[in-house]
Amino acid sequence: MLKNLQKDLENLANPKQAEILQRFFKTGKGGYGEGDIFLGIKVPFQRKVAKNYSELGLNELQKLLNSKIHEHRLTGLIILENKYKKLENKKNIFDFYLKNTQKINNWDLVDLSAPNIIGDFLLDKDRDILVQLAKSQNLWEKRIAIVSTFSFIRNNQFKDTLKISEILLNDSHDLIHKAVGWMLREVGKKEVKVLEEFLKKHYKNMPRTMLRYAIEKFEEGRRKEYLLGEV
């Protein structure tokens, strides 16, 4: 069954699109996605393939996550998320995901899967694991930590997003600046006062990209006040 899935993806490969994606996801030497190999398949097509292989077990999904081909890992994560939604015992999927954080190693892989597996599982549980991930030396574990909190934000729970944001405030990587700013912006969509309280404490020390993302939905005058340091 696994070979059939891989063959289906191979049949959808688009070399021109693959070239574009390899540049976009910084797969060259020294890039955050160094060595990642793309077939050039858009996500909706991968979702269609994933539907046909919902019965794949964790052993087979592990082989997909071990692959150097980006679409193998992404399709594997789509199947994993679909399994998570259906299963009563979700802890097995949660544990499997955490065991594979090194393989969930590009921002689209994280963003597609972390809120709906890690975040969802932790909605009614202790969230110390997110603090551990946020303090990791691994870029993707840090992104998993903050993006997982999207699930909490959707449920009007903001405390952990703010806590993880504070931990990552001085991180050096642009992908973390963008992810933290994005999650803060989502908090603001739900409760702008909560976002403003956080920003008043931290905006002067935040990376510029993080701040720009966080205030993106503010009216222009208010945005300028933050950017000029006049709040």
Side-chain angles (χ1 to χ4, degrees), residues 25 32-33 43 47 50 58 61-62 65 70 73-87 89-191 194-195 198 202 206-207 209-210 213-214 216:
F25 284 96
Y32 61 74
V43 174
R47 289 193 182 279
L58 292 184
L61 291 180
Q62 184 66 64
L65 289 181
H70 190 91
R73 302 197 305 285
L74 182 56
T75 304
L77 287 167
I78 293 169
I79 296 168
L80 190 69
E81 184 188 332
N82 291 342
K83 280 177 121 41
Y84 175 86
K85 288 174 184 171
K86 291 177 185 173
L87 286 175
N89 181 6
K90 298 180 185 294
K91 190 171 189 304
N92 284 347
I93 304 290
F94 174 79
D95 290 342
F96 178 82
Y97 189 101
L98 286 180
K99 190 181 82 173
N100 280 287
T101 53
Q102 305 287 322
K103 312 289 172 57
I104 304 165
N105 57 353
N106 219 314
W107 58 263
D108 61 325
L109 303 179
V110 172
D111 297 357
L112 173 138
S113 60
N116 299 328
I117 297 178
I118 300 300
D120 184 84
F121 185 79
L122 295 175
L123 267 174
D124 58 354
K125 297 177 185 66
D126 181 272
R127 298 166 186 178
D128 283 351
I129 183 62
L130 295 184
V131 173
Q132 292 176 41
L133 291 171
K135 292 179 177 178
S136 167
Q137 296 302 306
N138 180 276
L139 168 63
W140 307 115
E141 289 188 343
K142 288 186 280 191
R143 189 160 175 122
I144 287 167
I146 186 63
V147 175
S148 291
T149 71
F150 201 177
S151 185
F152 311 154
I153 297 167
R154 289 175 187 143
N155 287 272
N156 298 306
Q157 300 173 24
F158 312 127
K159 183 178 73 173
D160 292 279
T161 302
L162 303 181
K163 183 199 291 187
I164 302 299
S165 294
E166 283 190 326
I167 292 170
L168 296 173
L169 212 55
N170 297 311
D171 194 86
S172 61
H173 205 290
D174 186 59
L175 285 178
I176 299 301
H177 303 169
K178 289 175 179 175
V180 172
W182 169 29
M183 288 303 106
L184 290 173
R185 183 178 73 224
E186 295 302 321
V187 169
K189 285 183 189 175
K190 290 277 193 176
E191 192 60 70
V194 174
L195 173 56
F198 182 88
H202 300 295
M206 290 169 76
T209 299
M210 189 186 292
Y213 269 59
E216 189 178 26

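In this structure, K86 places its NZ atom where only 12 or fewer heavy-atom neighbours from other residues, nucleotides or ligands lie under 6.0 Å away. The number of heavy-atom neighbours closer than 6.0 Å to NZ of K190, taken from other residues, nucleotides and ligands shown, is above 12.
Minimum heavy-atom separation, A134 to L168: O-CD2, 3.4 Å. Of all heavy-atom pairs spanning L77 and Y97, the tightest one is CD2-CE1, 4.1 Å. Shortest non-hydrogen contact noted between L139 and Y32 is CD2-CB, 4.1 Å. Taking all atoms of both residues into account, the shortest heavy-atom contact from F158 to I153 is CE2-O, 4.0 Å. Taking all atoms of both residues into account, the shortest heavy-atom contact from G119 to F152 is O-CE2, 3.2 Å. The two residues R143 and A179 make their nearest non-hydrogen contact at NH1-CB, 3.6 Å.
Counting only distance, with no hydrogens or angles, the side chain of R73 and the backbone of L109 share no donor-acceptor pair below 3.5 Å. A donor-acceptor contact shorter than 3.5 Å links the side chain of T149 to the backbone of I146. A donor-acceptor pair under 3.5 Å links the side-chain atoms of N138 to the main chain of E141, judged by distance alone. With hydrogens and angles disregarded, no donor-acceptor distance shorter than 3.5 Å links the side chain of N106 to the backbone of D108. Side-chain atoms of D171 come within 3.5 Å of backbone N or O of H173 as a donor-acceptor pair.
In this structure, F94 and L122 have side chains that are in contact, with non-hydrogen atoms separated by less than 4.5 Å. Q62 is listed as a side-chain neighbour of F96, based on a closest heavy-atom distance under 4.5 Å. Inter-residue side-chain proximity for H177 and Y213 is flagged as unmet; no heavy-atom pair is nearer than 4.5 Å.
When each of I117, N100, T75, I104 is checked for a side chain to side chain contact (heavy atoms under 4.5 Å, CB included) with L80, only I117 meets the rule. Between S148 and the choices I164, L130, L133, the side chain to side chain contact (heavy atoms under 4.5 Å, CB included) rule is met once, by L130. The residue from N92, N116, D120 that alone fulfils the side chain to side chain donor-acceptor pair (under 3.5 Å) condition with Y84 is D120.
Salt-bridge check for E166 with K163: failed, with every basic side-chain N at 4.0 Å or more from each acidic carboxylate O. A salt bridge links D174 to K178: one of the charged nitrogens lies within less than 4.0 Å of a carboxylate oxygen. Electrostatic pairing of K85 and E81 counts as a salt bridge here, judged by a charged N lying under 4.0 Å from a carboxylate O.
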For this session: Please step through side chain to side chain contact (heavy atoms under 4.5 Å, CB included) for the pair I78 and N82, ending with a clear verdict.
Result: CA-CA 6 Å; I78 293 169; N82 291 342; 3.8 Å; yes
Exercise. Is there a side chain to side chain contact (heavy atoms under 4.5 Å, CB included) between V180 and M206 once you walk through the steps?
Worked result: CA-CA 10 Å; V180 172; M206 290 169 76; 5.5 Å; no
Problem set entry | Candidate pair L112 and R47, rule side chain to side chain contact (heavy atoms under 4.5 Å, CB included), full reasoning | CA-CA 12 Å; L112 173 138; R47 289 193 182 279; 3.5 Å; yes
Problem set entry | Chi angles and distances behind the side chain to side chain contact (heavy atoms under 4.5 Å, CB included) call for Q157, R127 | CA-CA 12 Å; Q157 300 173 24; R127 298 166 186 178; 2.5 Å; yes
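Stacking of K125 on the aromatic ring of F121 is recorded, both the 6.0 Å distance cut-off and the 45° axial limit being met.
Taken to the nearest 0.5 Å, the CZ atom of F198 stands 9.5 Å off from the OG1 atom of T161. Between the CH2 atom in W182 and the CZ atom in R185 there is a gap of 8.0 Å [rounded to 0.5 Å]. For the atom pair CG (N155) and CZ (F150), the distance works out to 11.0 Å, reported to the nearest 0.5 Å. Atom CG of residue L169 and atom CD1 of residue I176 lie 12.5 Å apart, to the nearest 0.5 angstrom. For the atom pair CZ (R154) and NZ (K189), the distance works out to 11.0 Å, reported to the nearest 0.5 Å. Note that CG of D160 is 11.0 Å distant from OG of S151, once rounded to the nearest 0.5 Å.
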